[in-house]
Amino acid sequence: CETCSQEEAKYRCPRCMKYSCSLLCVKKHKLALSCNGVRDKTAFISVNEFTDLNLLSDYRFLEDVGRTADAAARHPTVHSPTTKKLLYSLRNKARRCDIDLRTLPVGFTKRRENSTTFNFMEKKFYWHLKLVFPHCHAEYTLKGVPDDKTLADILKPYIDPVESDPVVCQRLKIYTLSPQSDVRILMKIENRKQNSVRYNELDASRSLLDNLKGKVIIEYPTLFVVLKTLKNDMVVLGK
């Protein structure tokens, strides 16, 4: 047993392949290694170790994926007239604001995550927004962001030395310690070739709506917050 090293092993974990002798040791190893005990169907296996069992496992995995996709396609909400009407209305309102908003089919992660709405009384978008801080490998998701809010105000709770949350501020320390003039906000340009990725640089002093005008948005905006001195591999359009 690889947990207690005392008894003869009887079980082997399907996920991490650790040997255990009893239920107690199984539970201990799961706790110590944060292992859920479920076999990883997509784990890498070298060609030399690949067997007929692995091939059968892959085949069954693909069958499961096919069944899940088929079930999603048959779900009533996919063909619901209400859902289609709301999406059409959302795209139409965005078009009137000079924003090319595109939605993905049901089943895609971004389609499922998106919580963007349009308030007809206020005539205002409330955006689902993702902030990415690549220098700290951090991502934050915001919901219900009004379209008239400036990007500078949106970023204040994250990188402002005074107003930001202490925990977030500590994680994004490289941003809070840098001069605010070094902070750049970029958004990836959609519908370009994979080997020709370019970004639009946004104006932090202007509203979210003004920054999104004339751009293609797939489901919701994703903003990359970078530092001027460290964005070497992120090419801004026109430069």
Side-chain angles (χ1 to χ4, degrees), residues 1-4 7-91 94 100-117 127-132 134 137-143 188-197 216-222 224:
C1 176
E2 295 184 53
T3 302
C4 66
E7 302 292 336
E8 184 180 353
K10 298 178 182 177
Y11 314 105
R12 191 176 190 184
C13 178
R15 187 161 188 98
C16 62
M17 300 301 172
K18 294 287 184 183
Y19 286 100
S20 302
C21 65
S22 63
L23 181 60
L24 181 63
C25 284
V26 169
K27 290 181 177 179
K28 283 183 179 179
H29 112 267
K30 286 183 178 180
L31 188 63
L33 301 176
S34 298
C35 175
N36 59 11
V38 179
R39 183 173 64 85
D40 185 0
K41 297 179 182 179
T42 59
F44 173 77
I45 299 173
S46 65
V47 176
N48 296 333
E49 297 175 351
F50 200 84
T51 65
D52 290 343
L53 286 175
N54 299 123
L55 181 63
L56 182 61
S57 173
D58 287 352
Y59 181 75
R60 287 175 176 169
F61 174 70
L62 292 175
E63 281 188 324
D64 289 342
V65 172
R67 279 193 293 269
T68 304
D70 185 59
R74 293 171 182 270
H75 198 278
T77 56
V78 178
H79 308 287
S80 170
T82 306
T83 303
K84 291 182 178 179
K85 186 178 179 180
L86 287 173
L87 288 177
Y88 176 79
S89 176
L90 199 65
R91 290 194 297 262
D100 187 357
L101 178 63
R102 304 182 184 183
T103 55
L104 297 169
V106 173
F108 279 75
T109 302
K110 290 190 76 172
R111 172 88 287 274
R112 188 170 60 251
E113 291 175 343
N114 194 3
S115 61
T116 301
T117 58
W127 288 96
H128 183 104
L129 189 65
K130 181 175 283 188
L131 299 178
V132 180
H137 305 288
E139 290 186 6
Y140 298 94
T141 299
L142 289 71
K143 295 182 179 182
K188 184 180 175 182
I189 301 173
E190 304 292 351
N191 296 332
R192 289 183 67 92
K193 293 180 179 179
Q194 194 67 27
N195 61 351
S196 180
V197 178
V216 177
I217 308 295
I218 297 180
E219 288 294 346
Y220 55 80
T222 299
F224 294 84

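Source: prediction; values computed, not measured. Every heavy atom of this structure was used, including side-chain atoms; hydrogens, water molecules and symmetry mates were not.
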Using salt bridge (Lys or Arg N to Asp or Glu O under 4.0 Å) as the criterion, list what pairs up with [X], not counting sequence neighbours.
X      : answer
Glu139 : Lys130
Arg102 : Asp100
Lys30  : none
Lys41  : Asp64

Using the rule given for side-chain contact (heavy atoms from CB on, under 4.5 Å), can you reason through Tyr59 versus Leu55, listing the C-alpha separation, both sets of side-chain angles and the distance that settles it, and then say yes or no? CA-CA 6 Å; Tyr59 181 75; Leu55 181 63; 5.8 Å; no

Does [X] [atom1] have over 12 foreign heavy atoms under 6.0 Å away?
X     : atom1 : value
Tyr88 : OH    : no
Tyr19 : OH    : no
Glu63 : CD    : yes
Lys27 : NZ    : no
Arg15 : CZ    : yes

Set of residues satisfying side chain to side chain contact (heavy atoms under 4.5 Å, CB included) with respect to [X], sequence neighbours excluded:
X      : value
Pro134 : Val132, Tyr175, Val226
Lys18  : Glu2, Cys16, His29, Leu33
Lys28  : Thr3, Leu24
Arg111 : Leu87, Thr103, Leu104, Phe108, Asn114, Glu219

Specify the closest pair of heavy atoms between Ala94 and Leu101, including all atoms of both residues, with the distance to one decimal. CB-CB, 3.7 Å

At what distance, to the nearest 0.5 angstrom, does [atom1] of [X] lie from [atom2] of [Y]?
X      : Y      : atom1 : atom2 : result
Glu7   : Cys25  : CD    : SG    : 8.0 Å
Lys10  : Ser22  : NZ    : OG    : 8.0 Å
Leu129 : Thr222 : CG    : OG1   : 7.5 Å
Cys13  : Tyr11  : SG    : OH    : 13.5 Å
Leu86  : Thr117 : CG    : OG1   : 10.5 Å
Phe50  : Ile45  : CZ    : CD1   : 6.5 Å

Please name all residues satisfying side chain to side chain donor-acceptor pair (under 3.5 Å) with [X], sequence neighbours left out, ordered by chain then number.
X      : result
Thr141 : none
Asn54  : Thr51
Asp40  : Thr42
Ser34  : none

Do Lys143 and His128 have side chains that get closer than 4.5 Å, going by heavy atoms? yes

